[in-house]
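Here the structure comes first, spelled out in structure tokens, and everything after it is commentary.
All figures in this text were calculated on a predicted structure; none of them were measured in a lab.
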Amino acid sequence: MGNLPNVRLEAIIATANKTVSGNVAVPQGVHLLVVNRRGSLIVRPPAPGRTIVMPPRSIAFVRAGARLGVQAARGEHEINLLSWASALTPLLDHWINQRAAQRGQASLNRNVGAKPFDPNFTSAVERFLVARNATPDVAEPMLLSVAYEVATRLLSGGDEMELASLPVDLPETVRELTQEVKRSPAKPWPLKDAADFAGYSPFHFSRVFKQMVSYGFHEYVDRCRTQMAVEMLCESDQPIDVVASTCGFGTTQGLRESIKEYLGLVPSELRTAASESDSWRS
């Protein structure tokens, strides 16, 4: 697309043969929107911020002046970056500052927010992708409208490392089942028990679940277990074998293979990302 006078739009397409770590400093007076389409990123905001894992199809907003430790997993990466002068979005800055004042604690004044595209940001990302190919006079207001929507929604909630995203229109019994799996992913979850819970025969349940979610029930359980394991690895010092057992993996190798499949990382690399950035976070 043509040059944009007030915003900067960049694309990063790369292949990492090994994990790559570094620090990123966002300039004062500049906000940043990160659309992570392929590849996994681990982001460590300054203390007391918690580790943020961005799997493929996730989006983040980074406030002006933020300093971050970032680790890119091995594999293919495709990232779109939108940056703009904070003066262009005065209402957004006012909202951020007012929210921080209402919370009354500097530790709650978040610099980074991240969540998966699906299901809540799918339409915003689609508008973002359309705007990239629009003429400059149309592109800028479209991109900034996405920035307003995404930034406020991201900073209003917690950061979710969602490997098991679901459609919003699941039947009630299937939705209750998926919520129960997320609460207790370490349980065995045989297909027959899941089908009984949802009120289907095993054969029909297996077919319907894949049609609705786009992957099978056993993969959904594995994704929930992996998500729980990643959170434990990033936020606790529990041994890897304990994490594997707690999350329902039969062996540490099973845990390793699942994390590598979904994130392009292994458990030790998640721990390394935390330790490498601790030196500047504190």
Check whether Thr152 reaches the backbone of Tyr148 with its side chain - one donor and one acceptor, N or O, closer than 3.5 Å. yes
Take Ile79 and Leu41 through the side-chain contact (heavy atoms from CB on, under 4.5 Å) test and state the conclusion after the steps. CA-CA 10 Å; Ile79 303 167; Leu41 303 173; 4.0 Å; yes
Can you see which heavy atom on Met212 is nearest to which on Pro171, and at what distance? SD-CD, 3.4 Å
Common cluster, Leu166/Val168, ILVMFWY with side-chain heavy-atom separation under 4.5 Å: no
Minimum heavy-atom distance between Pro267 and Ile240, given as atom pair plus value: CB-CD1, 3.7 Å
Taking atom types as modelled and ignoring hydrogens, do the side chains of Thr89 and Trp84 form a donor-acceptor contact shorter than 3.5 angstrom? yes
Walk me through it: do Phe217 and Leu177 pass the test side-chain contact (heavy atoms from CB on, under 4.5 Å)? CA-CA 10 Å; Phe217 177 72; Leu177 170 66; 4.0 Å; yes
Tell me whether Ile13 is reachable from Leu33 by hopping between hydrophobic residues (I, L, V, M, F, W, Y) whose side-chain heavy atoms are closer than 4.5 Å. no
By the definition side-chain contact (heavy atoms from CB on, under 4.5 Å), identify the one residue from Val43, Asn80, Leu81 that meets it with Val34. Leu81
Shared ILVMFWY cluster between Met142 and Val146, side chains joined below 4.5 angstrom? no
Considering only NZ, NE, NH1 and NH2 on the basic side and carboxylate oxygens on the acidic side, decide whether Lys182 and Glu162 come within less than 4.0 Å. yes
Criterion salt bridge (charged side-chain N to carboxylate O under 4.0 Å, His left out) on Arg74 and Glu269, from CA distance to verdict: CA-CA 11 Å; Arg74 66 178 61 81; Glu269 289 169 337; 2.7 Å; yes
Please find out if less than 6.0 Å separates the ring center of Phe209 from that of Phe205. yes
Any donor and acceptor pair, going by atom type alone, linking the side chain of Ser245 with main-chain N or O of Val242 inside 3.5 Å? no
Counting only heavy atoms not in Asp237, do more than 12 fall under 6.0 Å of its CG? no
Among Trp189, Tyr215, Tyr262, whose side-chain hydrogen bond (donor to acceptor under 3.5 Å, both in side chains) with Asp222 holds? Tyr262
Kindly compute the distance separating OG (Ser86) from CZ (Arg63), expressed to the nearest 0.5 Å. 9.5 Å
If I compare all heavy atoms of Leu163 with all of Pro55, which pair ends up nearest, and what's the gap? CD2-CB, 3.7 Å
Is Leu191 reachable from Val213 through a run of I, L, V, M, F, W or Y residues, each pair having side-chain heavy atoms under 4.5 Å apart? yes
In the single-linkage hydrophobic clustering (I, L, V, M, F, W, Y; side-chain heavy atoms under 4.5 Å), do Phe61 and Val30 co-cluster? no
With rounding to the nearest 0.5 Å, note down the distance linking CD in Gln71 to CG in Leu265. 6.0 Å
So, do His94 and Leu92 sit near enough that their side-chain heavy atoms are less than 4.5 Å apart? no
Minimum-distance pair of heavy atoms, taken over all atoms of Phe117 and Val35: CZ-CG1, 3.5 Å
Taking the side chain as every heavy atom from C-beta outward, state whether Val243 and Phe249 have any pair of such atoms under 4.5 Å apart. no
Find out whether Ile42 and Met54 are in side-chain contact, i.e. whether some heavy atom of one side chain is under 4.5 Å from a heavy atom of the other. no
For Asn23 and Gly69 the tightest heavy-atom approach is OD1-CA, 3.6 Å
Do Pro119 and Pro167 have side chains that get closer than 4.5 Å, going by heavy atoms? no
Donor-acceptor pair, distance only, cut-off 3.5 Å: does the side chain of Arg153 make one with the backbone of Asn120? yes
Side chain to side chain, Pro190 and Asp193, heavy atoms closer than 4.5 Å: yes
Does Pro45 reach the side chain of Leu68, with side-chain heavy atoms less than 4.5 Å apart? yes
One should read off an interatomic distance between Asp196 CG and Thr173 OG1, to the nearest 0.5 angstrom, of 12.0 Å
Glu10/Arg8 salt bridge by N-O under 4.0 Å criterion: yes
For Asn36 and His77, test the side chains for any donor-to-acceptor distance below 3.5 angstrom and give the result as yes or no. no
Less than 4.5 Å apart, side chain to side chain, heavy atoms only: is that true for Leu82 and Val7? yes
Residues Arg183, Glu180: salt bridge by 4.0 Å N-O rule: yes
Given the rule in the side-chain contact (heavy atoms from CB on, under 4.5 Å) test, do Val125 and Arg57 qualify, once you have shown the distances and angles that lead to the verdict? CA-CA 10 Å; Val125 173; Arg57 293 184 59 80; over 6 Å; no
Pairing of Arg127 and Glu149 as salt bridge, 4.0 angstrom limit: yes
In Å, rounded to the nearest 0.5 Å, how long is the span from CD of Glu235 to CG of Leu233? 10.5 Å
Between Val230 and Gln227, is any pair of side-chain heavy atoms under 4.5 Å apart? no
Nearest atoms (heavy-atom pairs only) where Pro185 meets Val221: O-CG1, 4.1 Å
Spell out, as yes or no, whether a donor-acceptor pair under 3.5 Å connects the side chain of Ser184 to the backbone of Lys187. no
So how far is it from Gln238 CD to Cys247 SG, rounded to the nearest 0.5 Å? 10.0 Å
How many angstroms lie between atom CG of Leu255 and atom NZ of Lys260, to the nearest 0.5 angstrom? 13.0 Å
With side-chain contact (heavy atoms from CB on, under 4.5 Å) as the criterion, how do Phe128 and Ser123 come out once you've worked through the C-alpha distance, each side chain's angles and the decisive distance to 0.1 Å? CA-CA 9 Å; Phe128 176 90; Ser123 61; over 6 Å; no
